[in-house]
Amino acid sequence: MVLWDAAEKKVIASVWAKVDIEADGFQALLRTLHVYPWTKRYFSHFGAMSTLKDIESNPKVRAHGRKVMAAVGDAISHMDNIKGHLSQLSQLHSDKLHVDPANFELLGNNIVIVLAAKFGADAFTPEVQATFQKLVAVISSALTREYH
Amino acid sequence: MVHWDATEKQTITSFWGKVDLAADGEHSLQRLLYVYPWCRRYFHKFGDLSTISAIRKNSHVRAHGHKVLSALGDCVPHLGDIKGHLAQLSKLHCETLHVDPANFCLLGKNITICMASHFGVTFTPEVQATFEKLVTTVAAALSSEYH
């Protein structure tokens with residue numbers, strides 16, 4: 001079981017209160033699709049994504065970015081049992097979506113980068129970075145848990 | 001050999017012109033030492049690195065961050081042969097410094113996060129892609145003489 005101390009919970013709550021689920025989720029997903037182009041394979045039903053312009057103007061990317069970021073927010077509401085909370089989603093990613101779990105880390109990295117760019121160096125301190133990297137690693141691990 | 005198109009070269013050159021080698025170097029190294037504490041093993045001679053406060057006050061961290069980011073900047077005029085350019089430094093990290101090459105990727109990741117935090121909206125997806133290609137190429141070059 002992952003333990004969170006009071007300082008970590010406070011950091012996550014205060015950063016998350018300022019996150020724009022739609023805009024920041026969109027940025028995290030579009031950076032994943034652009035910087036790691038193989039991830040587009042999972043979204044061939046989204047239509048045109050061959051250039052960055054296509055990705056940026058694709059409404060399905062925007063909608064899905066929002067959905068993913070909202071799911072991160074839900075995980076935060078269940079911080080004391082992220083593994084249990086995400087077990088159905090983990091089964092879905094393994095059994096139906098067939099997502100290579102290495103990609104969860106890539107998306108997690110991009111969430112951290114988007115937050116760093118949004119909050120700037122003064123607010124996105126090494127302590128905040130460490131807490132968020134722990135969060136995305138825990139989520140990644142929980143999403144991989146039901147793979148077989 | 002890694003190929004860079006005209007847009008990537010232009011992106012790197014113009015972006016690198018705005019990097020503050022001392023401040024950005026220091027912040028990148030601080031983040032590495034704090035978020036991945038095992039990296040401190042390589043820097044026992046720096047003295048106290050046990051807390052984020054100690055890391056922030058440590059003048060060796062500032063100096064070394066500057067050195068590392070300057071070395072990254074030195075690769076920019078040698079984009080056509082980063083591997084050749086870094087061969088000696090690679091041997092040094094393998095034979096003398098005994099650094100686990102996995103740590104080059106971690107430092108690259110922290111340099112990227114540091115750049116995102118300093119450049120904000122101008123750290124666009126295109127800049128990010130090009131920058132990540134640069135740090136990955138440098139990490140691979142630094143590993144290339146390992147045996």
Side-chain angles (χ1 to χ4, degrees), chain A residues 7-8 11 15 20 23-40 49-58 61-62 65 102 105-137, chain B residues 7-8 11 15 19-20 22-40 49-58 61 65 102 105-136:
Chain A
E8 289 172 324
V11 159
V15 167
D20 179 331
D24 298 337
F26 175 52
Q27 273 298 315
L29 184 58
L30 95 83
R31 282 167 192 266
T32 303
L33 295 168
H34 179 66
V35 180
Y36 310 105
W38 59 86
T39 56
K40 294 178 204 179
M49 286 195 296
S50 49
T51 64
L52 180 61
K53 268 196 151 46
D54 288 338
I55 300 171
E56 275 166 342
S57 50
N58 190 313
V61 173
R62 186 173 282 276
E105 204 187 306
L106 299 184
L107 180 55
N109 286 344
N110 278 299
I111 290 173
V112 171
I113 286 171
V114 166
L115 295 179
K118 179 185 173 107
F119 289 97
D122 292 339
F124 201 75
T125 61
E127 300 97 303
V128 172
Q129 178 186 335
T131 304
F132 265 85
Q133 286 198 209
K134 178 176 170 179
L135 177 69
V136 298
Chain B
T7 309
E8 288 172 324
T11 301
F15 185 81
V19 166
D20 179 334
D24 293 333
E26 179 183 20
H27 292 150
S28 301
L29 189 57
Q30 279 174 356
R31 288 175 189 273
L32 178 76
L33 293 169
Y34 183 70
V35 181
Y36 304 101
W38 58 84
C39 296
R40 297 173 204 175
L49 294 174
S50 56
T51 62
I52 185 63
S53 253
I55 294 171
R56 280 193 175 113
K57 291 194 291 236
N58 192 307
V61 172
C105 294
L106 295 186
L107 180 55
K109 190 172 155 174
N110 280 289
I111 294 173
T112 304
I113 289 169
C114 177
M115 295 301 162
S117 74
H118 284 172
F119 290 93
V121 291
T122 61
F123 197 71
T124 62
E126 298 100 320
V127 170
Q128 180 184 339
T130 304
F131 198 78
E132 287 201 28
K133 180 176 171 179
L134 177 66
V135 297
T136 317

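Naming: A, B, ... by sequence-line order, numbering from 1 per chain.
- No side-chain heavy atom of A:I111 sits less than 4.5 Å from a side-chain heavy atom of A:V114.
- With a 4.5 angstrom heavy-atom cutoff, A:F119 does not touch chain B via any of its atoms.
- In this structure, no portion of B:T122 lies under 4.5 Å from any heavy atom of chain A.
- Using a 3.5 Å distance cut-off with no hydrogens or angles, the side chains of B:Y34 and A:Q129 do not pair a donor with an acceptor.
- Contacts of B:K109 with chain A are made by side-chain atoms alone, with heavy-atom separations under 4.5 Å and no backbone atom involved.
- Counting heavy-atom pairs closer than 4.5 Å to chain A, the top residue among B:C114, B:S117, B:G120 is B:S117.
- In this structure, the side chain of A:N58 does not engage the main chain of A:D54 through any donor-acceptor pair within 3.5 Å.
- Using a 4.5 Å cut-off between heavy atoms, A:T125 touches chain B through backbone and side chain atoms alike.
- Considering only heavy-atom pairs separated by less than 4.5 Å from chain B, the leading option among A:L115, A:V112, A:N109 is A:N109.
- Here the side chains of B:T112 and B:F123 are in contact, with some heavy-atom distance below 4.5 Å.
- Side chain of A:D24 to main chain of A:D20: a donor-acceptor pair is present (N/O by atom type, distance under 3.5 Å, no hydrogens or angles).
- Shown here is A:E105, whose CD atom has no more than 12 heavy atoms of other residues, nucleotides or ligands within 6.0 Å.
- Using a 4.5 Å cut-off between heavy atoms, A:N110 contacts chain B through its side chain alone, with no backbone atom that close.
- Taken to the nearest 0.5 Å, the CZ atom of B:R31 stands 8.5 Å off from the CD1 atom of B:I52.
- Of the two parts of A:Q27, only the side chain, counted from C-beta on, holds a non-hydrogen atom closer than 4.5 Å to a non-hydrogen atom of chain B.
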In sequence, state the C-alpha distance, the side-chain angles, and the governing distance for A:Q133 and B:I113, and then conclude on side-chain contact (heavy atoms from CB on, under 4.5 Å).
-> CA-CA 11 Å; A:Q133 286 198 209; B:I113 289 169; 3.4 Å; yes

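- Contacts of A:L30 with chain B are made by side-chain atoms alone, with heavy-atom separations under 4.5 Å and no backbone atom involved.
- Contacts between B:F119 and chain A at a heavy-atom distance below 4.5 Å are absent for every atom of the residue.
- Of the residues considered (B:H118, B:E126, B:Q30), B:E126 shows the highest number of contacts with chain A, using heavy-atom pairs under 4.5 Å.
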